[in-house]
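What follows is a short report on a single structure.
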Amino acid sequence: MIEAQGNKGRQLTKECLEFIEKSPSCFHAAANLAELLEEQGFERLDEKTEWKIEKGGSYYVMRNSSSILAFRIPGKEPAGFHMMAAHSDSPCFKLKPDAELSGEGQYVRLNTEKYGGMILSTWFDRALSVAGRVITGENGKLKEHLVMVDRDLVVIPNLAIHMSRDMNKGVEYNPQVDLLPLFGGKEAKDAFLKMIAKEIGCKTESILGSDLYLYVRQKGSFLGAKEEFIVSPRLDDLQCAFVTMKALAKSEPGDYVTVGAVFDNEEVGSQTRQGAASTFLKDTLENIAEALGKQGSAYRRMIADSFLISADNAHARHPNRGEKADPVNAPYLNGGVVIKHHGGQKYMTDAGSEAYFKQLCREAEAPYQDYTNRSDIPGGSTLGNIVTAKVSVAGVDVGLPQLAMHSAVETAGSDDMEYLYRVALAYYTK
Ligand code: CO
C-alpha cells in the first residue's frame, strides 16, 4: 500500500501509483483503463461491428489490446471534438521467442532485446519480472491472456567493479551480452515456458504467440522531506494516461464530443496499426460522426472546431545538472503543468494553442510552466504532431514535469497530477 500524507490533492497521485503498480505492460495499462471506464458506465464498442451511438452516451474501443480510445457524446448537437492523448507503453526489454539461453553451462538466462530508449544502467541489480500477453490455441480457437508473473523473478547482474575498474567513468553496454537477465540455475532449463503456461492455466504446447516484457518490481512511493516527490517505474507516460481517462470519465461533456486517447508504441516511433501514426483515431472520429449522421463536409466542420491536448511527461530542471536545461524555460517539480514549445515544431504548441491552454489553466486555478530545449540539445519527440498529421486539428503539447526520464525508476512531483487533472476537467466540460 502507498501512504500519502499532507495535501489532499495527492489522493489522485496515490491512486495513480496503484494503477501503475498493476500496469506492468501496455496491455495491462489499457485493460486497467478500460476497467476504470466501465466502472463509470462506458460501453465497449468493437471496430468490426456497426456502432449504435446515442446522445449522452459514453463508449470506448480498443485496438491490439494496447491502445484505447474513449469518448462521450453530449446531450445536444455536438460542435467538434475535445481530445486529450497520452501513451500506454514505456521503454523496457522484450523477450524473444524461445527465450531461454544457457549461461556458462551453469545458468539459464532469458534472451531479450530493447523496446525503446531506456537508461540501460538503471536496469541492473534490481528485482525484475515478466508481464505481457500470450495467445493460446485450443480446439482451433485462439485466446488472448494477460500475464503478470507477480513475484521477483529475474535480475540483470552487474559486473563487479574489480573486473571493470573504469565503470564509473561510463560503460558501453552490449544488449546481446550485458543485459540478459538471469532466470535460474541449470536445473531451470525448460522451466520458463512451463511457468508461463501455469500462470494462465494451459499446456505449454497451447502457447502459440507471446508479447512478453521485463518489468521493474519496485513499487511507487512518496519521498522527500514533505513527501513532495514520487518515485516509480513508468511515470512516463502512465501518469498522463491515468489523468486523461480519469478526467474523461468524471466530466460531463458540454458542447463537444470528448475523447481520451491512450496509444501504444510511442516509445518506438508510433508507426504501428495501433500507434498514434495509425488510422485508429481518424477511423474512430469518422465512425462517431457517421453514427451521429454527420458525413462529408459536416464531419470536416466538426474537425475544424476541434482541439487536441497531447499529454506526455516533460523534463524538469535537474537539481545537480541545471546547466542541461534552457536558461529560462526550465520547469521544476510541483511547479505545475508543463507546456512544451519547439522552434522546429516537434511540438504542436503555437501562440493560439498556448493561449487557449493557459486560459484553461487559469480557469482551473492550476499553475503552469513553459518548457523549451536548450538550443544546443535536440531533445525528444512525442505524440502530438504524429496525431495531427493524420487528424489535422489545433493542439498543444503538455506534460507533467519529471526527472530521470526513461530510467527504470523515475522521479516526479506529488502535486502536479492534480493540476493537470483540474485543467483536463475544465477542458472536457467546455
Ligand atoms: Co513519453
Side-chain angles (χ1 to χ4, degrees), residues 19-20 22-38 42-49 51 58-72 81 83-92 94 115-116 131-135 144-147 209-213 215 234 236-249 257-288 308-313 381-391 393 395 397 399:
F19 159 73
I20 292 174
K22 58 181 188 176
S23 303
S25 78
C26 54
F27 303 105
H28 291 81
N32 288 324
L33 292 172
E35 192 184 309
L36 180 157
L37 293 164
E38 295 220 356
F42 282 64
E43 184 188 323
R44 183 165 181 172
L45 300 172
D46 187 328
E47 287 194 281
K48 295 196 202 85
T49 53
W51 294 1
S58 305
Y59 309 89
Y60 74 96
V61 57
M62 297 175 83
R63 201 181 264 191
N64 188 47
S65 309
S66 60
S67 289
I68 177 164
L69 296 183
F71 54 93
R72 304 187 69 162
F81 300 97
M83 302 179 277
M84 186 159 166
H87 64 90
S88 60
D89 61 325
S90 304
C92 60
K94 184 166 195 218
Y115 175 90
R133 70 161 170 195
V134 163
I135 314 282
E144 184 174 308
H145 310 259
L146 283 182
V147 177
S210 60
D211 292 311
L212 293 171
Y213 303 87
Y215 76 93
R234 303 181 294 281
D236 168 22
D237 188 30
L238 293 186
Q239 275 192 296
C240 291
F242 185 72
V243 171
T244 295
M245 289 309 189
K246 174 114 184 166
L248 180 82
V257 175
T258 53
V259 181
V262 175
F263 294 104
D264 190 10
N265 302 129
E266 193 275 342
E267 299 294 356
V268 292
S270 298
Q271 305 278 339
T272 58
R273 185 176 75 93
Q274 62 280 350
S278 74
T279 60
F280 190 26
L281 181 64
K282 185 170 188 283
D283 293 345
T284 301
L285 299 185
E286 285 179 0
N287 284 347
I288 296 169
L308 172 69
I309 296 174
S310 170
D312 192 2
N313 271 7
S381 59
T382 182
L383 299 163
N385 277 330
I386 295 174
V387 173
T388 54
K390 292 285 186 302
V391 179
V393 298
D397 269 291

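Owing to the predicted nature of the structure, the values given are computational and were not obtained by experimental measurement.
- Ionic pairing of Arg44 and Glu38 is not present here: no N-O contact between side-chain nitrogen and carboxylate oxygen is shorter than 4.0 angstrom.
- Met84 and Val243 make their closest contact through CE-CG1, 4.2 Å (heavy atoms, listed as atom of the first residue, atom of the second, distance).
- Residues satisfying the salt bridge (Lys or Arg N to Asp or Glu O under 4.0 Å) criterion with Arg133, sequence neighbours excluded, are Glu144, Asp211.
- The shortest side-chain heavy-atom distance between His87 and Asp236 falls under the 4.5 Å cut-off.
- A donor-acceptor contact shorter than 3.5 Å is absent between the side chain of Asp264 and the backbone of Gln274.
- The distance between the ring centers of Tyr60 and Phe42 does not fall below 6.0 angstrom.
- For the residue pair Ser278 / Arg273, no side-chain donor-acceptor distance below 3.5 Å is found, with atom types taken as modelled.
- For Leu383 against Ser270, the heavy-atom pair with the smallest separation is CD2-OG, 4.4 Å.
- The backbone N or O of Ser66 sits nowhere less than 3.5 Å from a side-chain atom of Asn64 that would complete a donor-acceptor pair.
- Although no hydrogens or angles enter the test, the distance criterion places a donor-acceptor pair under 3.5 Å between the side chain of Ser25 and the main chain of Phe27.
- For the atom pair Asn32 CG and Ser88 OG, the distance stands at 11.5 Å (nearest 0.5 Å).
- Qualifying salt bridge (Lys or Arg N to Asp or Glu O under 4.0 Å) partners for Lys390, counting only residues two or more places apart in sequence or in other chains: none.
- If you check the side chains of Asp397 and Ser310, you find a donor sitting under 3.5 Å from an acceptor.
- Taking NE2 of His28 as the start and CZ of Phe19 as the end, the distance is 11.5 Å to the nearest 0.5 Å.
- Applying the salt bridge (Lys or Arg N to Asp or Glu O under 4.0 Å) test to Glu35 and every residue at least two apart in sequence or in another chain returns nothing.
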